[in-house]
Amino acid sequence: MRLIRKAKPSDVPEVVRLGLEALKRDAYENLRISETKVVDMAKECISAPCHFCWVAEKDSKIVGAVSAMVHPMAFYERSQASVVQFYCEDPGQGVKLIREFLAWAKSRPAIKMVCFTLECKADKRIGKLLSRLGLENELPVYMSTL
């Protein structure tokens, strides 16, 4: 049986497992993944009412999660919801998670922008899916690890 639902505090270990897997797949040279920070992010997204974290279950096992944090936009009025974690082991569930997140963001008048950044090695199908769901590929990102 498949189910999409709001994450609960007891889901933190599985949300962290998925987040760490996503980070390991496209790790940045010279940056060390902090499991403590991933745990803190998962707890914050699950427990704070202004943030978002939903999970996908298949046969009572969590197979996907999307987490987003809401924060002020630097130069504009209102807020932005930034996806900080997305990983799904069951692609059919991934699209449901993203749709749920977008519906949630649209239902909040304070949120005026959604940011969903893909890593360089992200599955190209995710970008195509995001475009189909109404997100636009807007900005190139230039960065350096020091």
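Worth saying up front: this structure is predicted, and the values here are computed from it rather than measured. Position 1 is the first residue of the sequence, and the numbers go up from there.
Hydrophobic clustering places V83 together with L130 (ILVMFWY residues linked when any side-chain heavy atoms are closer than 4.5 Å, directly or through intermediates). Under a hydrophobic-cluster definition in which Ile, Leu, Val, Met, Phe, Trp and Tyr are linked whenever side-chain heavy atoms come within less than 4.5 Å, directly or via other members, V63 and Y87 are assigned to different clusters. The hydrophobic cluster containing L133 also contains I4, counting ILVMFWY residues as joined when their side-chain heavy atoms lie under 4.5 angstrom apart, directly or transitively. Under the 4.5 Å side-chain heavy-atom criterion for grouping Ile, Leu, Val, Met, Phe, Trp and Tyr, W104 is connected to F86 within one hydrophobic cluster. Under the 4.5 Å side-chain contact rule for hydrophobic residues, L20 and I62 share a cluster.
For the residue pair M69 and C45, the shortest heavy atom distance occurs at CG-SG, 3.5 Å. Between V70 and H51, the shortest heavy-atom distance links the atoms N-ND1, 3.0 Å. Of all the heavy atoms in A7 and V55, the pair that sits closest is CB-CG1, 4.0 Å. Scanning all heavy atoms of the two residues, the minimum distance from C115 to Q80 falls at CB-NE2, 3.4 Å. Between M41 and S67, the closest heavy-atom pair is SD-CB, 4.0 Å. For A105 against V114, the heavy-atom pair with the smallest separation is CB-CG2, 3.7 Å.
Note that CG of L97 is 9.5 Å distant from CG of D90, once rounded to the nearest 0.5 Å. The distance from atom CG of D40 to atom CD of E35, rounded to the nearest 0.5 Å, is 11.0 Å. Distance CG/L129 to NZ/K124: 14.5 Å, rounded to 0.5 Å. Note that CZ of F52 is 5.5 Å distant from CD of E100, once rounded to the nearest 0.5 Å. The CD1 atom of I111 lies 11.0 Å from the CZ atom of R78; values are rounded to the nearest 0.5 Å. A distance of 12.0 Å separates CD1 of I126 from OG of S131, quoted to the nearest 0.5 Å.
The side-chain contact (heavy atoms from CB on, under 4.5 Å) test with C53 is passed by exactly one of V15, V84, D11, V66: V15.
A salt bridge does not link K112 with E77: none of the charged nitrogens is closer than 4.0 Å to a carboxylate oxygen.
Counting heavy-atom neighbours within 6.0 Å of R125 CZ, excluding the residue itself, gives a total of 12 or less. Annotation: N30, atom CG; neighbour count of heavy atoms from other residues, nucleotides and ligands within 6.0 Å is above 12. Around NZ of K61, the count of heavy atoms belonging to other residues, nucleotides or ligands within 6.0 Å exceeds 12. In this structure, E21 places its CD atom where more than 12 heavy-atom neighbours from other residues, nucleotides or ligands lie under 6.0 Å away.
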Chi angles and distances behind the side-chain contact (heavy atoms from CB on, under 4.5 Å) call for M113, Y76 = CA-CA 10 Å; M113 181 185 288; Y76 301 100; 5.5 Å; no

Given side-chain contact (heavy atoms from CB on, under 4.5 Å), test Q85 with L23 step by step and report yes or no.
-> CA-CA 9 Å; Q85 183 231 340; L23 288 167; over 6 Å; no

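The closest side-chain heavy-atom distance from M143 to Y28 is below 4.5 Å. Put simply, the side chain of L135 does not reach to within 4.5 Å of the side chain of I98, judged on heavy atoms.
Using modelled atom types, one side-chain atom of Q93 and one backbone atom of E57 make a donor-acceptor pair closer than 3.5 Å. Judged by distance alone, the side chain of R2 and the main-chain N or O of A56 form no donor-acceptor pair under 3.5 Å.
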